[in-house]
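Below is one structure, written out as C-alpha coordinates; the observations come after it.
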There are 2 protein chains.
Amino acid sequence: MDPETRFNELIQRLRQRQCRLTPQRIALIRVLTSSEDHPTAAQLYDRLRAQFPTMSLGTVYKTLDLLFEMGEVLEISVSDGAAHYDGRKPFPHPHLICIRCRKIRDAESSLAENMTLEITQTSGFRIVGHRLDFYGLCPDCRQAE
Amino acid sequence: MDPETRFNELIQRLRQRQCRLTPQRIALIRVLTSSEDHPTAAQLYDRLRAQFPTMSLGTVYKTLDLLFEMGEVLEISVSDGAAHYDGRKPFPHPHLICIRCRKIRDAESSLAENMTLEITQTSGFRIVGHRLDFYGLCPDCRQAE
DNA sequence: GTGCTTGCAAACAGTTTGCAGATAG
DNA sequence: CTATCTGCAAACTGTTTGCAAGCAC
(Lines give C-alpha, C1' and ligand atoms only; values in the text may rest on other atoms or scores of the structure.)
Protein backbone atom coordinates (compact mmCIF):
# COMPACT_ATOMS: atom_id res chain seq x y z
CA MET A 1 0.00 0.00 0.00
CA ASP A 2 1.42 3.39 -0.90
CA PRO A 3 1.95 6.02 1.82
CA GLU A 4 -0.72 8.39 0.53
CA THR A 5 -3.45 5.74 0.62
CA ARG A 6 -2.42 4.64 4.08
CA PHE A 7 -2.39 8.24 5.24
CA ASN A 8 -5.96 8.76 4.05
CA GLU A 9 -7.03 5.50 5.61
CA LEU A 10 -5.76 6.53 9.03
CA ILE A 11 -7.37 9.95 8.80
CA GLN A 12 -10.60 8.22 7.88
CA ARG A 13 -10.38 5.88 10.89
CA LEU A 14 -9.89 8.81 13.26
CA ARG A 15 -12.91 10.54 11.77
CA GLN A 16 -14.98 7.38 12.26
CA ARG A 17 -13.95 7.38 15.90
CA GLN A 18 -15.01 11.00 16.22
CA CYS A 19 -11.50 11.99 17.18
CA ARG A 20 -10.39 15.56 16.60
CA LEU A 21 -8.19 15.99 13.55
CA THR A 22 -5.63 18.35 15.03
CA PRO A 23 -2.64 19.58 13.03
CA GLN A 24 -0.40 17.61 15.40
CA ARG A 25 -2.16 14.33 14.71
CA ILE A 26 -2.22 14.90 10.99
CA ALA A 27 1.50 15.70 10.97
CA LEU A 28 2.35 12.62 13.00
CA ILE A 29 0.32 10.36 10.74
CA ARG A 30 2.00 11.93 7.74
CA VAL A 31 5.47 11.14 9.11
CA LEU A 32 4.43 7.71 10.36
CA THR A 33 3.00 6.55 7.05
CA SER A 34 5.87 7.89 5.01
CA SER A 35 8.62 6.41 7.20
CA GLU A 36 10.39 3.52 5.53
CA ASP A 37 12.07 2.58 8.79
CA HIS A 38 10.59 1.90 12.21
CA PRO A 39 11.11 5.05 14.26
CA THR A 40 10.92 5.40 18.04
CA ALA A 41 8.71 8.01 19.69
CA ALA A 42 11.74 10.25 20.15
CA GLN A 43 12.73 9.91 16.49
CA LEU A 44 9.22 10.80 15.36
CA TYR A 45 9.33 13.77 17.70
CA ASP A 46 12.61 14.97 16.15
CA ARG A 47 11.32 14.62 12.59
CA LEU A 48 8.14 16.45 13.47
CA ARG A 49 9.76 19.27 15.37
CA ALA A 50 11.73 20.24 12.27
CA GLN A 51 8.56 21.34 10.46
CA PHE A 52 6.35 21.71 13.51
CA PRO A 53 8.17 23.43 16.35
CA THR A 54 5.29 23.42 18.81
CA MET A 55 4.94 19.61 18.83
CA SER A 56 5.64 17.99 22.19
CA LEU A 57 6.91 14.52 23.03
CA GLY A 58 3.93 13.87 25.25
CA THR A 59 1.59 14.40 22.34
CA VAL A 60 3.59 11.96 20.23
CA TYR A 61 3.13 9.30 22.90
CA LYS A 62 -0.56 10.05 23.33
CA THR A 63 -1.23 9.85 19.61
CA LEU A 64 0.78 6.66 19.22
CA ASP A 65 -1.16 5.11 22.10
CA LEU A 66 -4.41 6.08 20.43
CA LEU A 67 -3.42 4.53 17.11
CA PHE A 68 -2.06 1.47 18.90
CA GLU A 69 -5.33 0.89 20.73
CA MET A 70 -7.13 1.21 17.42
CA GLY A 71 -4.88 -1.54 16.09
CA GLU A 72 -3.49 0.78 13.41
CA VAL A 73 0.10 0.82 14.57
CA LEU A 74 2.51 -1.95 15.51
CA GLU A 75 4.73 -1.61 18.54
CA ILE A 76 8.07 -3.34 18.15
CA SER A 77 10.21 -3.64 21.26
CA VAL A 78 13.83 -4.23 20.50
CA SER A 79 15.97 -4.89 23.54
CA ASP A 80 17.47 -1.40 23.32
CA GLY A 81 14.99 0.26 25.63
CA ALA A 82 12.81 2.36 23.39
CA ALA A 83 9.77 1.02 21.52
CA HIS A 84 9.73 1.31 17.74
CA TYR A 85 6.57 1.92 15.71
CA ASP A 86 5.33 0.71 12.36
CA GLY A 87 2.31 2.44 10.89
CA ARG A 88 2.56 1.19 7.34
CA LYS A 89 1.70 -2.47 7.78
CA PRO A 90 -0.72 -2.74 10.67
CA PHE A 91 -1.13 -6.45 10.03
CA PRO A 92 1.63 -8.41 11.73
CA HIS A 93 4.64 -9.47 9.72
CA PRO A 94 8.16 -10.56 10.58
CA HIS A 95 10.88 -8.03 11.31
CA LEU A 96 14.62 -8.36 10.90
CA ILE A 97 16.57 -6.53 13.58
CA CYS A 98 20.32 -6.05 13.34
CA ILE A 99 21.92 -6.61 16.72
CA ARG A 100 24.84 -4.35 15.81
CA CYS A 101 23.47 -1.30 14.01
CA ARG A 102 19.94 -1.66 15.44
CA LYS A 103 18.28 -1.20 12.06
CA ILE A 104 14.89 -2.84 11.61
CA ARG A 105 13.72 -4.19 8.28
CA ASP A 106 10.57 -5.94 7.17
CA ALA A 107 10.91 -9.59 6.25
CA GLU A 108 8.64 -11.58 4.01
CA SER A 109 7.65 -15.10 4.86
CA SER A 110 4.97 -17.28 3.39
CA LEU A 111 4.94 -19.37 6.54
CA ALA A 112 4.07 -16.61 8.99
CA GLU A 113 0.37 -16.80 8.22
CA ASN A 114 0.26 -20.59 8.45
CA MET A 115 2.03 -20.55 11.78
CA THR A 116 -0.46 -18.06 13.17
CA LEU A 117 -3.25 -20.33 12.00
CA GLU A 118 -1.62 -23.37 13.58
CA ILE A 119 -1.13 -21.62 16.90
CA THR A 120 -4.66 -20.26 16.88
CA GLN A 121 -6.08 -23.72 16.40
CA THR A 122 -4.01 -25.50 19.02
CA SER A 123 -3.75 -22.93 21.81
CA GLY A 124 -7.33 -22.08 22.72
CA PHE A 125 -6.27 -18.42 22.62
CA ARG A 126 -8.14 -15.82 20.63
CA ILE A 127 -5.11 -14.35 18.86
CA VAL A 128 -5.31 -10.63 18.18
CA GLY A 129 -1.72 -9.94 17.24
CA HIS A 130 1.72 -11.40 17.00
CA ARG A 131 5.29 -10.32 16.87
CA LEU A 132 7.87 -12.14 14.83
CA ASP A 133 11.31 -10.67 15.36
CA PHE A 134 14.51 -12.11 13.99
CA TYR A 135 17.77 -10.92 15.47
CA GLY A 136 21.04 -11.11 13.65
CA LEU A 137 23.75 -9.33 11.72
CA CYS A 138 22.58 -7.50 8.61
CA PRO A 139 24.63 -7.85 5.40
CA ASP A 140 26.41 -4.53 6.01
CA CYS A 141 27.46 -5.43 9.52
CA ARG A 142 28.54 -8.93 8.49
CA GLN A 143 31.08 -7.38 6.14
CA ALA A 144 32.37 -5.09 8.84
CA GLU A 145 33.12 -8.06 11.07
CA MET B 1 14.25 -31.25 29.93
CA ASP B 2 13.54 -31.54 33.64
CA PRO B 3 14.41 -28.66 35.99
CA GLU B 4 17.15 -30.57 37.82
CA THR B 5 19.04 -31.38 34.63
CA ARG B 6 18.75 -27.82 33.38
CA PHE B 7 19.93 -26.54 36.76
CA ASN B 8 23.04 -28.67 36.60
CA GLU B 9 23.66 -27.65 33.01
CA LEU B 10 23.65 -23.96 33.91
CA ILE B 11 25.94 -24.48 36.89
CA GLN B 12 28.27 -26.37 34.59
CA ARG B 13 28.28 -23.54 32.03
CA LEU B 14 29.19 -21.00 34.70
CA ARG B 15 32.04 -23.21 35.85
CA GLN B 16 33.31 -23.49 32.27
CA ARG B 17 33.32 -19.69 32.08
CA GLN B 18 35.30 -19.54 35.31
CA CYS B 19 32.52 -17.56 36.96
CA ARG B 20 32.22 -17.66 40.74
CA LEU B 21 29.49 -19.92 42.00
CA THR B 22 28.10 -17.65 44.67
CA PRO B 23 25.08 -18.65 46.77
CA GLN B 24 23.13 -15.82 45.10
CA ARG B 25 23.77 -17.14 41.62
CA ILE B 26 22.98 -20.69 42.60
CA ALA B 27 19.73 -19.60 44.22
CA LEU B 28 18.69 -17.56 41.19
CA ILE B 29 19.42 -20.40 38.80
CA ARG B 30 17.44 -22.71 41.05
CA VAL B 31 14.39 -20.44 40.92
CA LEU B 32 14.82 -19.71 37.22
CA THR B 33 14.98 -23.33 36.15
CA SER B 34 12.10 -24.40 38.34
CA SER B 35 9.75 -21.59 37.26
CA GLU B 36 6.94 -22.82 35.06
CA ASP B 37 6.01 -19.25 34.16
CA HIS B 38 8.15 -16.43 32.80
CA PRO B 39 9.00 -14.19 35.73
CA THR B 40 10.27 -10.62 35.61
CA ALA B 41 13.43 -9.56 37.44
CA ALA B 42 11.29 -8.17 40.26
CA GLN B 43 9.30 -11.40 40.57
CA LEU B 44 12.49 -13.43 40.74
CA TYR B 45 13.75 -11.04 43.38
CA ASP B 46 10.59 -11.52 45.46
CA ARG B 47 10.76 -15.29 45.24
CA LEU B 48 14.42 -15.28 46.18
CA ARG B 49 14.12 -12.86 49.06
CA ALA B 50 11.71 -15.19 50.80
CA GLN B 51 14.44 -17.77 51.36
CA PHE B 52 17.40 -15.49 50.85
CA PRO B 53 16.90 -12.17 52.63
CA THR B 54 20.25 -10.65 51.67
CA MET B 55 19.63 -10.91 47.91
CA SER B 56 19.47 -7.57 46.11
CA LEU B 57 17.63 -6.58 42.96
CA GLY B 58 20.83 -5.33 41.38
CA THR B 59 22.36 -8.76 41.68
CA VAL B 60 19.32 -10.31 40.03
CA TYR B 61 19.80 -8.00 37.06
CA LYS B 62 23.52 -8.62 36.87
CA THR B 63 23.09 -12.38 36.96
CA LEU B 64 20.32 -12.32 34.39
CA ASP B 65 22.50 -10.20 32.11
CA LEU B 66 25.32 -12.67 32.50
CA LEU B 67 23.13 -15.64 31.60
CA PHE B 68 21.57 -13.67 28.75
CA GLU B 69 24.96 -12.87 27.23
CA MET B 70 25.82 -16.55 27.50
CA GLY B 71 22.69 -17.30 25.50
CA GLU B 72 21.28 -19.37 28.37
CA VAL B 73 18.25 -17.23 29.09
CA LEU B 74 15.57 -15.75 26.84
CA GLU B 75 14.38 -12.21 27.34
CA ILE B 76 10.72 -11.68 26.47
CA SER B 77 9.48 -8.11 26.32
CA VAL B 78 5.77 -7.84 26.70
CA SER B 79 4.37 -4.36 26.22
CA ASP B 80 3.83 -4.02 29.97
CA GLY B 81 7.16 -2.43 30.71
CA ALA B 82 9.15 -5.10 32.48
CA ALA B 83 11.14 -7.79 30.70
CA HIS B 84 10.25 -11.42 31.40
CA TYR B 85 12.79 -14.24 31.49
CA ASP B 86 12.76 -17.86 30.41
CA GLY B 87 15.59 -20.05 31.59
CA ARG B 88 14.13 -23.42 30.80
CA LYS B 89 14.15 -23.36 27.00
CA PRO B 90 17.09 -21.30 25.90
CA PHE B 91 16.42 -22.12 22.25
CA PRO B 92 13.81 -19.80 20.79
CA HIS B 93 10.22 -20.94 20.63
CA PRO B 94 6.87 -19.21 20.30
CA HIS B 95 5.18 -17.66 23.32
CA LEU B 96 1.51 -17.04 23.95
CA ILE B 97 0.86 -13.85 25.90
CA CYS B 98 -2.56 -13.02 27.31
CA ILE B 99 -3.33 -9.34 26.79
CA ARG B 100 -5.67 -9.32 29.75
CA CYS B 101 -4.08 -11.32 32.56
CA ARG B 102 -0.52 -10.96 31.22
CA LYS B 103 0.25 -14.65 31.62
CA ILE B 104 2.87 -16.06 29.28
CA ARG B 105 2.74 -19.65 28.05
CA ASP B 106 4.93 -21.65 25.73
CA ALA B 107 3.44 -22.57 22.36
CA GLU B 108 4.47 -25.42 20.13
CA SER B 109 4.70 -25.01 16.39
CA SER B 110 6.22 -27.24 13.79
CA LEU B 111 6.51 -24.31 11.41
CA ALA B 112 8.68 -22.10 13.59
CA GLU B 113 11.86 -23.83 12.56
CA ASN B 114 11.01 -23.77 8.85
CA MET B 115 10.22 -20.10 8.99
CA THR B 116 13.55 -19.34 10.59
CA LEU B 117 15.24 -21.28 7.83
CA GLU B 118 13.29 -19.43 5.14
CA ILE B 119 14.12 -16.03 6.59
CA THR B 120 17.77 -16.94 7.02
CA GLN B 121 18.03 -17.90 3.37
CA THR B 122 16.24 -14.89 1.88
CA SER B 123 17.37 -12.03 4.11
CA GLY B 124 21.13 -12.07 3.91
CA PHE B 125 21.15 -11.74 7.72
CA ARG B 126 23.13 -14.04 9.92
CA ILE B 127 20.30 -14.91 12.31
CA VAL B 128 21.33 -15.47 15.92
CA GLY B 129 17.97 -15.42 17.60
CA HIS B 130 14.31 -14.80 17.13
CA ARG B 131 11.23 -13.93 19.08
CA LEU B 132 7.83 -15.27 18.22
CA ASP B 133 5.15 -13.77 20.44
CA PHE B 134 1.45 -14.25 19.97
CA TYR B 135 -0.91 -11.87 21.75
CA GLY B 136 -4.48 -12.73 22.54
CA LEU B 137 -7.03 -13.75 25.13
CA CYS B 138 -6.27 -16.97 26.96
CA PRO B 139 -9.09 -19.52 27.45
CA ASP B 140 -9.74 -18.30 31.02
CA CYS B 141 -10.05 -14.66 30.01
CA ARG B 142 -12.23 -15.49 27.01
CA GLN B 143 -14.79 -16.99 29.37
CA ALA B 144 -14.69 -13.94 31.60
CA GLU B 145 -15.61 -11.70 28.66
C1' DG C 1 45.52 -13.07 49.14
C1' DT C 2 43.39 -11.71 44.70
C1' DG C 3 40.04 -10.13 42.07
C1' DC C 4 35.35 -11.23 41.01
C1' DT C 5 30.89 -10.38 43.15
C1' DT C 6 27.55 -8.27 46.13
C1' DG C 7 24.59 -4.69 48.07
C1' DC C 8 23.41 -0.24 48.24
C1' DA C 9 22.11 4.07 46.45
C1' DA C 10 22.15 7.29 43.14
C1' DA C 11 21.66 8.04 38.26
C1' DC C 12 19.33 7.17 34.00
C1' DA C 13 16.01 6.43 30.10
C1' DG C 14 11.67 5.83 28.43
C1' DT C 15 7.03 6.50 29.34
C1' DT C 16 2.90 8.16 31.82
C1' DT C 17 0.19 11.46 34.25
C1' DG C 18 -2.14 15.85 35.79
C1' DC C 19 -3.62 20.01 34.78
C1' DA C 20 -4.29 24.75 32.89
C1' DG C 21 -4.91 26.80 28.61
C1' DA C 22 -5.90 26.25 23.60
C1' DT C 23 -8.82 24.78 19.81
C1' DA C 24 -11.62 21.60 16.55
C1' DG C 25 -16.16 20.76 15.62
C1' DC D 1 -19.76 26.90 23.31
C1' DT D 2 -17.97 22.56 24.88
C1' DA D 3 -15.45 18.61 25.10
C1' DT D 4 -11.31 17.13 23.47
C1' DC D 5 -6.57 17.88 22.84
C1' DT D 6 -2.03 20.09 23.59
C1' DG D 7 2.14 21.38 26.03
C1' DC D 8 4.63 21.40 29.92
C1' DA D 9 6.67 19.52 33.87
C1' DA D 10 6.77 16.49 37.42
C1' DA D 11 6.26 11.71 38.68
C1' DC D 12 6.98 6.89 37.83
C1' DT D 13 8.97 2.44 36.46
C1' DG D 14 12.34 -0.56 35.03
C1' DT D 15 17.16 -0.86 34.48
C1' DT D 16 22.10 0.47 34.81
C1' DT D 17 26.11 2.14 37.09
C1' DG D 18 29.82 3.16 40.59
C1' DC D 19 31.99 1.94 44.44
C1' DA D 20 33.27 0.14 49.02
C1' DA D 21 32.97 -4.11 51.53
C1' DG D 22 32.61 -9.21 51.21
C1' DC D 23 33.70 -13.66 49.80
C1' DA D 24 34.83 -17.74 46.32
C1' DC D 25 38.62 -19.79 44.83
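Just the heavy atoms: all of them, side chains too, but no hydrogens, waters or symmetry mates, feed the values below. Keep in mind it's a predicted model, so treat the numbers as computed, not measured. Order of the sequence lines fixes the chain letters, A, B, ..., with proteins taken first and strands second; residue numbering starts at 1 for each chain.
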> Between atom OH in A/Y45 and atom P in C/dT15, what is the gap in whole Å?
Replying inline: 14 Å
>> Nearest whole Å is fine: how far is C/dT5 P from B/I26 CD1?
In response: 13 Å
> Within this structure, what is the CD-to-P distance between B/Q18 and C/dT5, rounded to whole angstrom?
Replying inline: 11 Å
> Base, sugar-phosphate, or nothing for A/T40, non-hydrogen atoms under 4.0 angstrom?
Replying inline: nothing
>> Under 4.0 Å, counting only non-hydrogen atoms across every strand here, what does A/A83 touch: a base, just sugar-phosphate, or nothing?
In response: sugar-phosphate
> Within this structure, what is the CG-to-P distance between A/L21 and C/dA22, rounded to whole angstrom?
Replying inline: 22 Å
>> Angle between the two end axes of the helix from C/dG1-D/dC25 to C/dG25-D/dC1, five base pairs per end, rounded to 10 degrees?
In response: 40°
>> I want to check one thing: is the phosphate of C/dT5, taken as OP1 and OP2, less than 4.0 Å away from some side-chain N or O of B/R25?
In response: yes
>> So B/P53, base contact, sugar-phosphate only, or nothing? Heavy-atom distance under 4.0 Å.
In response: nothing
> Do any side-chain nitrogens or oxygens of A/Q24 fall under 4.0 Å of OP1 or OP2 in C/dT23?
Replying inline: no
>> With a 4.0 Å limit, can you tell me whether B/S56 has a side-chain N or O closer than that to the phosphate oxygens OP1/OP2 of C/dT6?
In response: no
>> I need the CG-P distance between A/L57 and C/dA13, as an integer number of Å.
In response: 14 Å
>> Closest approach to the side chain of B/R20, judged atom by atom: which nucleotide of C/dT6, C/dA24, C/dC4 is it?
In response: C/dC4
>> Whole angstroms only, please: what is the CZ-C1' distance between B/F52 and C/dT6?
In response: 10 Å
> Given D/dG14, C/dT5, D/dT6, which nucleotide is nearest the side-chain atoms of B/C19?
Replying inline: C/dT5
> For B/M55 and D/dG22, what is the distance between atoms CE and C1' respectively, to the nearest whole Å?
Replying inline: 15 Å
>> Please report the distance, rounded to the nearest Å, between CG in B/L28 and P in C/dT5.
In response: 14 Å
>> Taking 4.0 Å as the cut-off, does a side-chain nitrogen or oxygen of A/T59 come that near to OP1 or OP2 on D/dC5?
In response: no
> Picking from D/dG18, C/dT17, C/dT15, which would you name as closest to the side chain of A/Y61?
Replying inline: C/dT15
> So, are B/R88 and B/E72 salt-bridged, with charged N and O less than 4.0 Å apart?
Replying inline: no
>> Check for me, please, whether B/I26 and B/F68 land in the same ILVMFWY cluster - side-chain distances under 4.5 Å, paths through other members count.
In response: no
>> Tell me whether the NZ or CZ atom of B/R30 lies within the 45° cone about the ring axis of B/F7 and under 6.0 Å from its centre.
In response: yes
> Between D/dT6 and A/T22, is there an OP1 or OP2 to side-chain N/O distance shorter than 4.0 Å?
Replying inline: yes
